[in-house]
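A quick write-up on the structure given underneath.
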Amino acid sequence: MAATTEISLPARNYDLTATMTSGQVFAWERVADAWVGVVQGRGVHLRQSAETIVGRTAEPQRDWSWLTAFLQADVELNGVLATFPQDDPHLQAAVAACRGLRLLRQDPWECLASFILSSTKQIVQIRQIVRTLSERFGERVPLPDGCSLAFAFPTARRVAALSEAELRECKMGFRAPYLLGTARRIVAGEFAPEQLQQCPVAEARTRLLALPGVGEKIADCVLLFAYGFPTAFPIDVWVARALSTFYFRGRTMPPERLRQFAAKHFGPNAGYAQQYLFHHIRTRRG
DNA sequence: GACCAGGACCATT
DNA sequence: AATGGTCATGGT
């Protein structure tokens, strides 16, 4: 197959905009009717038409499997939805409202770093921090014609070489020493992000929890969004409220209680269910 | 101007 | 084990 700068991926039952705005990625920008971002060092322009997503790059690509993997375009969504509890009206309402919402498969370091920066921040602010960090310390990446340059998320090595003050100037506040500490552990070889893919989910979780700035919520985000462990179920303030409201008559429950409930109730793709609930309660008006 | 945000961590009970 | 305070910063 010849190398090309454009590919059309089959994407039935796929809502790219919902996916990009559902709080799992923070570095993608809306440009006209498209989305622009960086995947494994390649600047990509994505535009959705009826049942395909058209990807364009600056450099010709012989192998586009990196984009298929990132978008999880070969996941048969109906198969995932079929594993949800069908007698749960709250979850089914979220699915109905967010048709085509997907989980992406992100780079582990970028995902880990982004969520270390996410604690008690609104999504718009997380996006701002990630953008500033990338513009100041990330590599410049070419985009296809008509688009300006993009910036990759800075590598762990680059971040590890910075000072806490330089990080704080990106407005990340008290999260700066957490990000710096995690980056330096990676560079020191004390934590290998690419190694967790082979671990059982419980062990991967334990290793993530040992990092500075990583608690249960952030660990679960990385397990789900970067490693694709389908039962990982991040519980933030929104999801905690939704679970308490929907399944505990509005009584606020301790996080561990909610974790147990989610593991039992939502099935083998609980992570997807979580993403539908999260996106639905955040986007419904009123 | 309060109140809150895809929390984690540490010191007290 | 379970609370409570603290940590920056900016949106609503």
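In what follows, every chain begins at residue 1, and chains take the letters A, B, ... in the order their sequences are listed. Computed from a predicted structure; not experimentally measured.
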Less than 3.5 Å apart, which donor and acceptor atoms pair up between the side chains of residues 3-13 of chain A and the rest of the protein, not counting sequence neighbours?
residue	atom	partner	partner atom	Å
A:Thr4	OG1	A:Glu6	O	3.0
A:Thr4	OG1	A:Trp64	NE1	3.4
A:Asn13	ND2	A:Asn78	OD1	3.1

Legend entry - Under the ring-ring contact (aromatic ring centres under 6.0 Å, His included) test, residues paired with A:Phe115 that sit two or more places apart: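 Partners of A:Phe115 under the ring-ring contact (aromatic ring centres under 6.0 Å, His included) test: A:Phe26, A:Phe225.
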Over all strands shown, is [X] touching base, sugar-phosphate only, or nothing at heavy-atom distances under 4.0 angstrom?
X	answer
A:Val214	sugar-phosphate
A:Gly215	sugar-phosphate
A:Phe225	base
A:Arg241	sugar-phosphate
A:Pro254	nothing
A:Thr120	base
A:Ile116	nothing
A:Glu256	nothing
A:Ser114	nothing
A:Leu211	sugar-phosphate

Legend entry - Earlier contact from the 5' end, DNA chain B, for A:Gln24 and A:Gly213: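 Of the two residues, A:Gln24 wins.
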Legend entry - Residue closer to the 5' end of DNA chain B, A:Leu209 versus A:Phe278 (nearest nucleotide):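 This one resolves to A:Phe278.
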Legend entry - Set of salt bridge (charged side-chain N to carboxylate O under 4.0 Å, His left out) partners for A:Glu256, sequence neighbours left out: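 Here the qualifying residues are A:Arg259.
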Legend entry - Plane angle bin for A:Phe246 and A:His90 - parallel if under 30°, tilted between 30 and 60°, otherwise perpendicular: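 The arrangement is parallel - the two ring planes meet at less than 30°.
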Inset, instruction - Determine yes or no for a side-chain-to-main-chain donor-acceptor pair under 3.5 angstrom, with A:Gln48 supplying the side chain and A:Tyr14 the backbone. - result: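 Answer holds: yes.
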Inset, instruction - State whether the side chain of A:Arg185 and the backbone N or O of A:Ala210 hold a donor-acceptor pair below 3.5 Å, judged by distance alone. - result: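 Looks like yes, one N/O pair under 3.5 Å.
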Inset, instruction - Taking only heavy atoms on the protein side, list every residue of residues 168-189 of chain A lying under 4.0 Å from any atom of DNA chain C, sorted numerically. - result: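 When residues 168-189 of chain A is checked for heavy atoms under 4.0 Å from DNA chain C, the hits, listed by number, are A:Arg168, A:Lys171, A:Gly173, A:Phe174, A:Arg175.
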Inset, instruction - May I ask you to check whether over 12 heavy atoms, not counting those of A:Arg241, lie within 6.0 Å of atom CZ? - result: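 Result for CZ/A:Arg241: enclosed.
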Inset, instruction - Using chain A heavy atoms and a threshold of under 4.0 Å, write down where along DNA chain C the contacts begin and end, 5' to 3'. - result: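 Extent of the interface on DNA chain C: C:dC7 to C:dG11.
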Legend entry - A:Gln128 and A:Arg131 side chains, donor-acceptor separation under 3.5 Å: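 Indeed, the side chains of A:Arg131 and A:Gln128 share at least one donor-acceptor pair under 3.5 Å.
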Inset, instruction - Indicate yes or no: does A:Arg127 engage A:Glu29 in a salt bridge with an N to O separation below 4.0 Å. - result: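 Salt bridge flag = yes for A:Glu29 with A:Arg127.
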Inset, instruction - Between C:dA2 and B:dG6, how far apart are the P atoms? Round to whole Å, please. - result: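 The same atom, P, in both gives a distance of 26 Å.
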Legend entry - Aromatic centroids of A:Tyr276 and A:His280 separated by under 6.0 Å: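 Distance test on ring centres: not under 6.0 Å, no.
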Inset, instruction - Runs of at least three consecutive Watson-Crick or G-U pairs, both distances under 3.5 Å, are what I'm after; which ones involve DNA chain C? - result: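 Output for stems: B:2-5 with C:9-12, B:7-13 with C:1-7.
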Legend entry - Any donor-acceptor N/O pair under 3.5 Å between B:dG6 base and A:Gln125 side chain: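 Answer is no: no donor-acceptor pair is held.
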Inset, instruction - Look up atom OG1 in A:Thr132 and atom CG in A:Leu167, then write down how far apart they are to the nearest 0.5 Å. - result: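 Going from the OG1 atom of A:Thr132 to the CG atom of A:Leu167 covers 12.0 Å.
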Legend entry - Identified side-chain contact (heavy atoms from CB on, under 4.5 Å) counterpart of A:Leu81 within the set A:Leu91, A:Val95, A:Asn269: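 Of A:Leu91, A:Val95, A:Asn269, side-chain contact (heavy atoms from CB on, under 4.5 Å) with A:Leu81 is met by A:Val95 alone.
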